[in-house]
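In what follows, a single structure is set out as structure tokens and then discussed.
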Amino acid sequence: MTNDIYGPFPGGAEFTAALTEGQRARYEELGTNLDVVERRIADACAAAGRARDEVTLVVVTKTYPAEDTALLAGLGVTDVAENRDQDAAPKAEQCRNLPLDWHFVGQLQTNKVRSVVRYANHVHSVDRLRLVGSLSAAVLKAERPELGCLVQVALDKEHGEGEHRAGVAPEDVAQLADAIADTPGLRLDGVMTVAPLAGPLAGDPARAFDRLAEIATAVRAEHPAATMVSAGMSGDLEQAIAAGATHVRVGTAVLGVRSPLR
């Protein structure tokens, strides 16, 4: 590579002028996809009577190279997400000089916590008390700012399904939210869910996200600063925004269809 797209960079014409031919083609492809997603978000916000700036687009860059992350930053993307630390950690290090807010959205094992807290500003997938303790210890040891945490809600568990899926049952959200809020080094930011694959809400993201909105309202009643509602992906972002999502996690619609994970 003859140029440095990993910043700091001025953006705009100077950035694009420095791209190789291959990078420029990918930059244009990503830009076109972003425009489509942005229109979808704007239209969904308008239909829901919400301001566009109430919803943050988090681009899920998992399985794609750091080069794509840098190109997205050049296009003005500010929030990116990863779900596997073994991929995220080197990518975040390579992109450390870019103006990006990193979100960790995958199931998090306690042996990966020390690595994740080095780069993530938000962890969307907090689903057990042991993880709360591990995150707190790692944050305090790293002497870094507070880590934003979201309770991952498994909506199917409310109906006796999804026993082995990540996330806590709706009835357990309040206890976990209280624990996060009371733990040093952590900040309770809100709740997250993925549309369920089982139970009566399966295949009905609108109802699923409405249920998450009820849970989010209950959490905010006790913790008013926990305003994040992370819901919706490429196929159901409109339903999530209609239900009040503040963050939509979009990967395929921006980056393209992924290759199978290694």
Side-chain angles (χ1 to χ4, degrees), residues 45 48-51 53-56 58 79 81 101-108 110 113 116-117 120-140 144-163 165-196 199-201 205-233 239-249:
C45 287
R50 302 178 63 190
D53 61 9
E54 292 181 17
V55 178
T56 297
V58 182
D79 292 75
D101 194 10
W102 289 82
H103 301 246
F104 190 85
V105 298
Q107 189 168 14
L108 180 55
T110 54
V113 162
V116 168
V117 301
N121 298 313
H122 312 275
V123 174
H124 292 227
S125 47
V126 180
D127 62 357
R128 58 199 186 279
L129 290 172
R130 182 184 176 196
L131 182 56
V132 172
S134 296
L135 286 168
S136 173
V139 169
L140 296 177
R144 53 154 287 167
E146 284 184 331
L147 176 68
C149 295
L150 287 79
V151 177
Q152 181 173 355
V153 185
L155 293 170
D156 40 6
K157 290 183 178 179
E158 190 167 34
H159 304 281
E161 303 281 354
E163 178 183 354
R165 292 194 71 193
V168 297
E171 61 265 27
D172 296 325
V173 169
Q175 179 185 12
L176 191 57
D178 290 346
I180 294 169
D182 292 340
T183 299
L186 307 184
R187 182 185 66 249
L188 177 64
D189 279 350
V191 295
M192 180 272 262
T193 202
V194 177
L201 300 180
R207 285 181 59 214
F209 298 142
D210 282 343
R211 178 68 183 111
L212 181 69
E214 295 172 355
I215 296 166
T217 297
V219 170
R220 284 196 303 273
E222 298 297 326
H223 306 282
T227 58
M228 282 181 65
V229 180
S230 173
M233 298 188 289
Q239 293 94 326
I241 290 171
T246 65
H247 291 68
V248 291
R249 310 178 306 274

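If you're wondering where the values come from, they're calculated on a predicted model, not measured in any experiment.
Here the side chain of Thr193 pairs a donor or acceptor atom with the backbone of Val153 at under 3.5 angstrom. Between the side chain of Thr217 and the main chain of Ala213, a donor-acceptor pair closer than 3.5 Å is present. Judged by distance alone, with hydrogens and angles left aside, the side-chain atoms of Ser125 form no donor-acceptor pair with the main-chain N or O of Gln152 at under 3.5 Å. No side-chain donor-acceptor contact under 3.5 Å links Arg187 to the backbone of Pro145. Although no hydrogens or angles enter the test, the distance criterion places a donor-acceptor pair under 3.5 Å between the side chain of Arg50 and the main chain of Ile241. Not a single donor-acceptor pair under 3.5 Å links the side chain of Thr110 to the backbone N or O of Leu131.
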(request) Test side chain to side chain contact (heavy atoms under 4.5 Å, CB included) on Arg220 and Val229 and set out the steps. (result) CA-CA 11 Å; Arg220 284 196 303 273; Val229 180; 4.0 Å; yes
(request) Quick one: do Val219 and Val151 satisfy side chain to side chain contact (heavy atoms under 4.5 Å, CB included)? Show the steps, please. (result) CA-CA 10 Å; Val219 170; Val151 177; over 6 Å; no
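Nearest heavy atom pair, residue Arg249 against residue Ser230, reads NH1-OG, 2.8 Å. Counting all heavy atoms, side chain and backbone alike, Leu201 lies closest to Ala208 at CD1-CA, 3.9 Å. Of all heavy-atom pairs spanning Asp189 and Gly148, the tightest one is OD2-CA, 3.1 Å. In plain terms, the two heavy atoms of Ala120 and Phe104 that are nearest each other are CB-CB, 4.3 Å. Ala240 approaches Gly232 most closely through the heavy-atom pair CB-CA, 3.5 Å. The shortest non-hydrogen separation linking Ala154 to Pro170 is O-CD, 3.6 Å.
Separation of atoms CG (Leu129) and CG (Asp172) is listed at 9.0 Å; rounding is to 0.5 Å. Atom OG of Ser136 is separated from atom CD1 of Ile180 by 11.0 Å, given to the nearest 0.5 angstrom. Going from atom CD1 of Ile215 over to atom CG of Asp210 covers 11.0 Å, rounded to the nearest 0.5 Å. Atom NE2 in His103 sits 9.5 Å away from atom CG in Leu150 (nearest 0.5 Å).
In this structure Ala218 satisfies the side-chain contact (heavy atoms from CB on, under 4.5 Å) test with no other residue, sequence neighbours excluded. Taking the side-chain contact (heavy atoms from CB on, under 4.5 Å) definition, one finds that Ala221 meets it with nothing, sequence neighbours left out. Legend: residues meeting side-chain contact (heavy atoms from CB on, under 4.5 Å) with Asn121, ordered by chain and number and at least two apart, are Asp101, Arg144.
In this pair, His124 and His247 present their aromatic rings perpendicular. The plane angle is above 60°, beyond the 30 to 60° band.
Counted within 6.0 Å of CD on Glu146, heavy atoms from surrounding residues, nucleotides or ligands total more than 12; the atom is thus considered enclosed. By the neighbour-count criterion of 12 heavy atoms within 6.0 Å, atom CD of Glu158 is densely surrounded, having more than that number from other residues, nucleotides or ligands.
The side-chain heavy atoms of Thr56 and Met228, taken from C-beta on, include no pair separated by under 4.5 Å. The shortest distance between side-chain heavy atoms of Lys157 and Val168 does not fall below 4.5 Å. Side chains of Glu54 and Cys45 form no contact here, defined as non-hydrogen atoms less than 4.5 Å apart. Counting heavy atoms from C-beta outward, Leu135 and Leu108 have side chains that approach closer than 4.5 Å. Side-chain contact check for Val248 versus Val55: some heavy-atom pair is nearer than 4.5 Å.
Donor-acceptor pairing under 3.5 Å is recorded for the side chains of Asp178 and His223.
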